[in-house]
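Since the structure comes first, as structure tokens, the remarks are kept for the end.
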Amino acid sequence: MSRFLQMAGLVIGLIGLVLQFTITVPASIAAGRSLLGSIVFYFSFFTILTNIAAVLVHASLLSPTGYAWFPAFAGRRMRTGVAVAITLVFIVYSTVLARLWAPEGLFLLCDILLHYVAPLIFVMWWLIAGADGSTRWRDISWWMIYPLAYLAYALIRAPFAGEVPYPFLDVAKNGAAGVAISALATTALFLGLCVLAVLADHGVARLRK
């Protein structure tokens, strides 16, 4: 079952990412961005970066000999951190972002694959095979680097690019206080998911004994 979920996660993740790239870049160029600007725009989304990480985790553990194709993504700390991040992708999109636009066609397909299907598959795989009881509370400080670094990048890039990847990070529309509240709420949610991940990791390990 875990092998099937790994393969499914890898294939669906790659399809979603490649398809999203092929439709986003032309649409972005048509909106007035340069080719380079369109590529940077694509890679400026937390969803894209997190799904890339999930694909690399799946790929790193598929070798029949047990060799890690991408060693940096094969470790237990990375696996759990990605599980937390991709759960955040699902929660924030389904509760906040999904109602802000109505994608159609291939954009809708990518939305479903990257925000719903890929996260579900990764978390299921993690619970079945990735969780092993080896996470520690100190790992949370390591996992928090990712969302905080992403937030810093998005806010620093905004004045230069004249855009933000997500509406709740738009200082011009929401004000500095509004963006600060959204950022704190999202960070707190990520922290809460980190705590749940450690508890779930230890709980799953005990059930296997």
Side-chain angles (χ1 to χ4, degrees), residues 8-60 69-70 72-73 78 81-82 84-122 145-176 178-180 182-183 186-187 189-190:
L10 178 62
V11 171
I12 289 173
L14 284 174
I15 290 174
L17 288 167
V18 172
L19 184 57
Q20 185 74 70
F21 184 85
T22 60
I23 61 178
T24 295
V25 171
S28 179
I29 292 174
R33 299 183 186 89
S34 65
L35 174 59
L36 178 59
S38 297
I39 294 173
V40 171
F41 176 71
Y42 171 81
F43 286 104
S44 292
F45 287 87
F46 190 86
T47 293
I48 297 298
L49 297 176
T50 304
N51 272 278
I52 290 173
V55 164
L56 290 173
V57 170
H58 286 310
S60 71
W69 297 110
F70 304 99
F73 289 87
M78 177 64 78
V82 173
V84 171
I86 208 162
T87 300
L88 183 74
V89 167
F90 166 76
I91 292 175
V92 173
Y93 187 82
S94 61
T95 60
V96 177
L97 299 174
R99 55 189 174 86
L100 299 181
W101 75 315
E104 299 178 348
L106 293 179
F107 282 100
L108 176 60
L109 176 60
C110 289
D111 248 24
I112 294 172
L113 292 179
L114 298 178
H115 293 111
Y116 297 99
V117 180
L120 176 61
I121 289 175
F122 192 91
I145 294 174
Y146 174 42
L148 293 176
Y150 175 81
L151 179 62
Y153 161 76
L155 294 178
I156 291 172
R157 176 179 176 269
F160 301 99
E163 63 186 12
V164 289
Y166 299 104
F168 56 81
L169 296 178
D170 192 337
V171 175
K173 290 184 178 180
N174 304 312
V179 170
S182 296
T186 305
T187 302
L189 175 58
F190 189 92

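Computed from heavy atoms alone, side chains included, the values below leave out hydrogens, waters and symmetry copies.
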When rounded to the nearest 0.5 angstrom, what distance separates CZ in Phe73 from CD1 in Ile52?
-> 9.0 Å

Check the pair Ile48 / Thr24 against side-chain contact (heavy atoms from CB on, under 4.5 Å), numbers first and verdict last.
-> CA-CA 12 Å; Ile48 297 298; Thr24 295; over 6 Å; no

Val84 and Leu88, any side-chain heavy atoms less than 4.5 Å apart = no

Value rounded to 0.5 Å, distance of CG in Leu114 from OH in Tyr93 | 10.0 Å

With no hydrogens and no angle check, is any side-chain donor or acceptor of Thr22 less than 3.5 Å from a backbone partner on Leu19?
-> yes

Taking Asn174 for its side chain and Pro167 for its backbone only, find out whether a donor-acceptor pair lies under 3.5 Å.
-> yes

Are the side chains of Val92 and Phe190 in touch, meaning some heavy atoms are under 4.5 Å apart?
-> no

What pair of heavy atoms forms the shortest contact from Ala59 to Leu10, and how long is it?
-> CB-CD1, 4.0 Å

Geometric class of the Phe43/Phe21 ring pair [parallel <30°, tilted 30-60°, perpendicular >60°] = tilted

From His115 atom NE2 to Leu97 atom CG, the distance as rounded to the nearest 0.5 Å | 7.0 Å

Has the side chain of Tyr166 got a donor or acceptor atom that lies under 3.5 Å from a matching backbone atom of Phe45?
-> no

Atom pair SG (Cys110) and CD1 (Ile23), whose distance is rounded to the nearest 0.5 Å | 4.0 Å

Distance from Tyr42 atom OH to Leu17 atom CG, nearest 0.5 Å?
-> 4.5 Å

Side chains of Met78 and Leu56 in contact at under 4.5 Å (non-hydrogen atoms) | no

Nearest atoms (heavy-atom pairs only) where Phe46 meets Ala85 = CE2-O, 3.8 Å

Tyr146 side chain reached by Leu49 side chain, heavy atoms, under 4.5 Å | yes

Verdict with supporting geometry, Thr47 and Asn51, side-chain contact (heavy atoms from CB on, under 4.5 Å) | CA-CA 6 Å; Thr47 293; Asn51 272 278; 3.6 Å; yes

Atom of Val164, atom of Leu169 and distance for their closest heavy-atom approach = CG1-O, 3.6 Å

Between CG on residue Asp111 and CD on residue Gln20, distance to nearest 0.5 Å | 7.0 Å

What one should report as the nearest heavy-atom pair of Ala54 and Phe122 is CB-CD1, 3.7 Å

Search all heavy atoms of Phe41 against all heavy atoms of Ser28 and return the closest pair with its distance.
-> CD2-OG, 4.1 Å

Nearest heavy atoms of Val82 and Ala53, plus distance in Å | CG2-CB, 4.0 Å

